[in-house]
*Asks:* 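Here it is: the structure, laid out below.
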Amino acid sequence: MTDAPRARPSTQAAPPVRTEVRLAVERALAVAIAAGDLPSPDGATPTVEVERPANQEHGDIATNVAMKLARPLRRSPLEIAGAVAAALRGSADPLLASIDVAPPGFLNMRLADSVLERTIDAILADPAGWGRVRPVRARRVNVEFVSANPTGPLTIGNARGAFVGDLLCRVLEAGGQDVTREYYFNDSGAQIDKLGASVLALRRGEAVPDDGYHGDYVVTLAAELPDDVWMAASAAAAASAAAASASPEDGGPAIAGPAIAGPAIAGPAIAGHWAAGRVRAGIEASLARLGVRFDVWTTEASLHEHGWVQRAADKLRAAGHLYEHDGAMWFRSTTFGDDKDRVVIRANGAPTYFAADIGYVEEKLSRGFDHLIYIWGADHHGTVARVRNAATAMGYDADAVEMLLYSWVRFIRDGVEVGMSKRAGTFITLDELLAEVGVDAARWFFASRAPTSAIDFDIELAKRQSNDNPVYYVQYAHARIASILRKATTVGLEPAGTVRGALGGAPEAALARAVIRLPEVVEDAASAEETHGITAYATELATVFHAFYRDAKVVDPDAPDRSRARLALAEATRITLANALGLLGISAPDSM
RNA sequence: GCGCCCGUAGCUCAGUGGAUCAGAGCAUCUGACUUCGGAUCAGAGGGUCGGGGGUUCGAAUCCCUCCGGGCGCGCCA
């Protein structure tokens, strides 16, 4: 797999062409106002926004700033557009070849060939840096995703979270952000105990409890349970059984700065701890196979052990946001708009899952992140408000904590939804899905859809139509260019080092115009925190290249100079396709 | 019951802080140069943007309402 070039802050690419044009328009607007051609705006001047028109007749780049200024300047949009256009034409900037005013007040601009040429040349000079952009706002970002409990292998239910999170990280990195990828394991608590109890039951030759875990992997775990763990678990089970019958009182509610009770040490917990570790190793291996990398693995137990939960609770208490009620400790979430207050410490002294969430926020932010992103399934939307509220209550900026919710995927096979339950052991693992569909196709599938949209994933369809999948269309374009470049060398032709003066033809101009947009697409994707713009762009670029291929003979020994220039443009296109695919973690094959 | 999300072409999905978008891919149909990769290209048909109201010069986009689907409303995780 061709991986995306790693983030290298030292590579500071020139701003996207679109940005250059926007700045030129802003300068022209200022010039027109200074010259008295336009009045000075009373209130806030609207920011200039430029866009890529869908209709080619509207030029390469257009702006509606004249219409936005019509009200504050009390001039007609056409009059304003005319003044800005005149100022643009009057500037010595060779950026634009033409500037047209179109009703009701649009400014349509066409890029000069020289801009296309120097951009293409820059791609050839620095392929790895192409597509990386300067951040609008440099941040240290923590992205936490997957975070599936280590109670069983990753399933297709975890697929979207894994890919969405990974893709977001890649896009943010290309957008110039400093990204840390993090996985949170809930390695203690009732679910782990149930997993442990299930393993112990099988080891004893008994049936798995009804509320335990029933998958085949539990049988394997029971068989592999080391003797020392087995004996320790058995001894602890016996001891806690004796203790439970001897002392029913548990010391009353924990208030006024008590220590938060840690997880109970019992047989199932001991076995569960071991099993979770084993399962976790499998999860890490699966993620590696997906090309999903993590920088930091944090466990819930470590948050308790290192006092983060306690510190966060203390912080909330000191700020007056905790109170006791019915023997439990509550966070006054309603202060921040939640519909009810939330329990942090149960009446029995045990912290809730929410308590660990709060401790985790404190722990993450203590590491110096400016921004925390949680990739959560839509079923978690009920917990968004309370966690963000807790962050606010601890004194952090509300915007520092962001939850990105993705909708559930319905997996369908033969027209029937695939039902799943990790506990019942009826599920399709992520490994199985990828073995059937392929990583590239799966990545493309998730990358090309907005995370918030509910989608259907038809497994059979994904396999059967694999050759019609747009991902193969894009990869084919890349392989075709690689083939052309190979072909060229056999007749002694190499790409030229520059396309200067060689983009005059219609096929060349159209292709170059598509190629130079990559940084804009990356910029938009990073700021919107979405990836489907990149897949759409890659598809479009492939289409434009295929048209170029149809209209322009690239390898032609009878016209060596023209061939070398077209080879250079083809190479720039190949780099752009490879970088766009690499950004998505998808391979860019030289042949297929 | 309350809250959040969603409903766009036969299918899968973009577009949703108004004008310069009703779009892409697949599927269907019709065509393509003895030539660099036909996993390609050119073209066609196909949608009252779930229904209905409202605001506006203008609404897929904003507001209300209804219908239909998903999810959430624990001292679970």
Side-chain angles (χ1 to χ4, degrees), chain A residues 51-59 62-64 67 77 102-106 108 147-149 151 186 188-192 194 253 300 325-330 338-340 342-357 377-385 405-408 410 412 445 448-450 452-458 461-462 464-477 479-488 490-491 493 530 532-533 535-536 539-540 542-543 545-547 549-557 563 566-567 570 591-592:
Chain A
E51 62 173 13
R52 292 284 193 169
N55 187 339
Q56 292 208 342
E57 292 174 13
H58 299 137
T63 178
N64 62 354
M67 287 178 285
F106 286 99
N108 297 331
S147 297
N149 293 356
T151 53
N186 301 306
S188 59
Q191 296 307 314
I192 298 296
K194 284 176 182 171
E300 181 182 359
H325 178 66
D326 287 347
M329 194 60 75
W330 297 69
D338 203 350
D339 53 1
K340 63 179 71 169
R342 308 290 172 175
V343 172
V344 177
I345 302 169
R346 301 183 180 91
N348 68 4
T352 60
Y353 185 87
F354 174 51
D357 275 344
D379 59 330
H380 279 67
H381 81 248
T383 65
V384 168
L405 303 181
Y406 59 87
S407 297
W408 284 127
R410 284 201 317 163
I412 293 171
F445 182 86
S448 60
R449 288 148 170 85
T452 51
S453 69
I455 54 178
D456 288 348
F457 191 113
D458 189 317
L461 205 63
R464 197 163 0 102
Q465 297 187 334
S466 63
N467 282 359
D468 298 317
N469 189 315
V471 70
Y472 297 107
Y473 177 82
V474 175
Q475 289 182 318
Y476 178 76
R480 195 180 216 183
I481 297 172
S483 172
I484 292 169
L485 293 165
R486 283 195 300 271
K487 170 79 175 180
T490 66
V491 297
L493 288 171
E530 290 184 328
H532 51 271
T535 56
T539 304
E540 184 188 330
T543 297
F545 176 77
H546 286 310
Y549 174 87
R550 180 195 66 225
D551 296 331
K553 177 82 173 170
V554 179
V555 180
D556 183 359
S563 289
R566 284 180 174 171
L567 283 166
S591 66
M592 53 192 293

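Letters go in sequence order (proteins before strands), and every chain restarts at 1.
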*Asks:* Using nucleotides 11-13 of chain B, report all nitrogen or oxygen pairs with the protein that are shorter than 3.5 Å.
*Replies:*
unit_1, atom_1, unit_2, atom_2, d
B:U12, O2', A:R449, NH2, 2.7
B:C13, OP1, A:D456, N, 2.2

*Asks:* It should be established whether A:K340 places a side-chain nitrogen or oxygen under 4.0 Å from OP1 or OP2 of nucleotide B:C2.
*Replies:* no
*Asks:* Does B:G38 have OP1 or OP2 sitting under 4.0 Å from an N or O in the side chain of A:R550?
*Replies:*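 Checking A:R550 against B:G38: no side-chain N or O falls below 4.0 Å of OP1 or OP2.
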*Asks:* Measuring only the C1' atom in each nucleotide, how far is B:G51 from B:A44? A whole number of Å is fine.
*Replies:* 32 Å
*Asks:* Report yes if the side chains of A:F354 and A:T383 come closer than 4.5 Å at any heavy-atom pair, otherwise no.
*Replies:* no
*Asks:* For a quick check of understanding: with a heavy-atom distance under 4.0 Å over all strands, which category does A:A102 fall into, base, sugar-phosphate or nothing?
*Replies:* base
*Asks:* For A:V554, which of A:I484, A:I481, A:L485 qualifies under side chain to side chain contact (heavy atoms under 4.5 Å, CB included)?
*Replies:* A:I484
*Asks:* What contact category does A:Q475 fall into here, base, sugar-phosphate, or nothing, at under 4.0 angstrom with non-hydrogen atoms?
*Replies:* nothing
*Asks:* Under 6.0 Å from the six-membered ring centre of A:F445 and within 45° of its axis: does the NZ or CZ of A:R449 meet both?
*Replies:*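 Output yes; distance and angle both within limits.
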*Asks:* Reckon A:T383 touches a base, only the sugar-phosphate, or nothing at all at heavy-atom distances under 4.0 Å?
*Replies:*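 Since a base atom lies under 4.0 Å of A:T383, the category is base.
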*Asks:* Would the base of B:U20 count as contacting A:N108 through its side chain, where contact means a donor and an acceptor less than 3.5 Å apart?
*Replies:*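 Check passes, donor-acceptor contact within cut-off.
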*Asks:* Output all residues satisfying ring-ring contact (aromatic ring centres under 6.0 Å, His included) with A:H380, sequence neighbours left out; order by chain, then residue number.
*Replies:*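 In terms of ring-ring contact (aromatic ring centres under 6.0 Å, His included), with neighbours along the sequence ignored, A:H380 is linked to A:W376.
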*Asks:* A:Y473 side chain N/O closer than 4.0 Å to the phosphate oxygens (OP1, OP2) of B:A24?
*Replies:* no
*Asks:* When the P atoms of B:U28 and B:G68 are considered, how many whole Å apart are they?
*Replies:* 35 Å
*Asks:* Within 45° of the axis and under 6.0 Å from the centre of the six-membered ring of A:Y549, does NZ or CZ of A:R480 qualify?
*Replies:*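 Here A:R480 passes the 6.0 Å and 45° test against A:Y549.
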*Asks:* Heavy atoms from C-beta onward define the side chain here; which of B:C36, B:A77, B:C71 lies closest to that of A:H381?
*Replies:*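 Ranking B:C36, B:A77, B:C71 by closest atom to the A:H381 side chain puts B:C71 first.
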*Asks:* OG1 of A:T535 to CD of A:E530: how many Å apart, nearest 0.5 Å?
*Replies:* 10.5 Å
*Asks:* Given the P atoms of B:G15 and B:A77, what is the spacing between them in whole Å?
*Replies:* 37 Å
*Asks:* What's the gap between B:G23 and B:U48 when it is taken at their P atoms, as a whole Å value?
*Replies:* 14 Å
*Asks:* For A:R480 and B:U40, is the shortest distance between a side-chain N/O and OP1 or OP2 below 4.0 Å?
*Replies:*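 Negative; the distance criterion is not met.
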*Asks:* Heavy atoms only, 4.0 Å cut-off, all strands: where does A:A536 land among base, sugar-phosphate and nothing?
*Replies:* nothing
*Asks:* Between B:U55 and B:U12, how far is it from one P atom to the other, in whole Å?
*Replies:*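 B:U55 and B:U12 have their P atoms separated by 36 Å.
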*Asks:* In whole angstrom, give me the gap between the C1' atoms of B:G17 and B:C13.
*Replies:* 23 Å
*Asks:* Where does RNA chain B pair, written as one dot-bracket string 5' to 3', with Watson-Crick or G-U pairs under 3.5 Å, ( ) inside the strand, [ ] for crossing pairs and | for another strand?
*Replies:* (((((.((.[[[[.).......]]]].(((((.......))))).....(((((.......)))))).)))))....
*Asks:* Using the P atom on both, measure B:C4 against B:C63 and round to a whole Å.
*Replies:* 11 Å
*Asks:* Which is true for A:S407 with a 4.0 Å heavy-atom rule: it touches a base, it touches only sugar-phosphate, or it touches nothing?
*Replies:* nothing
*Asks:* Quick one: pull up CD1 in A:I192 and CG in A:N149 and give me the separation to the nearest 0.5 Å.
*Replies:*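 Spacing of CD1 (A:I192) from CG (A:N149) equals 6.5 Å.
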*Asks:* Tell me what A:A552 touches on the nucleic acid: a base, only sugar-phosphate, or nothing, going by heavy atoms under 4.0 Å.
*Replies:*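 Base contact.
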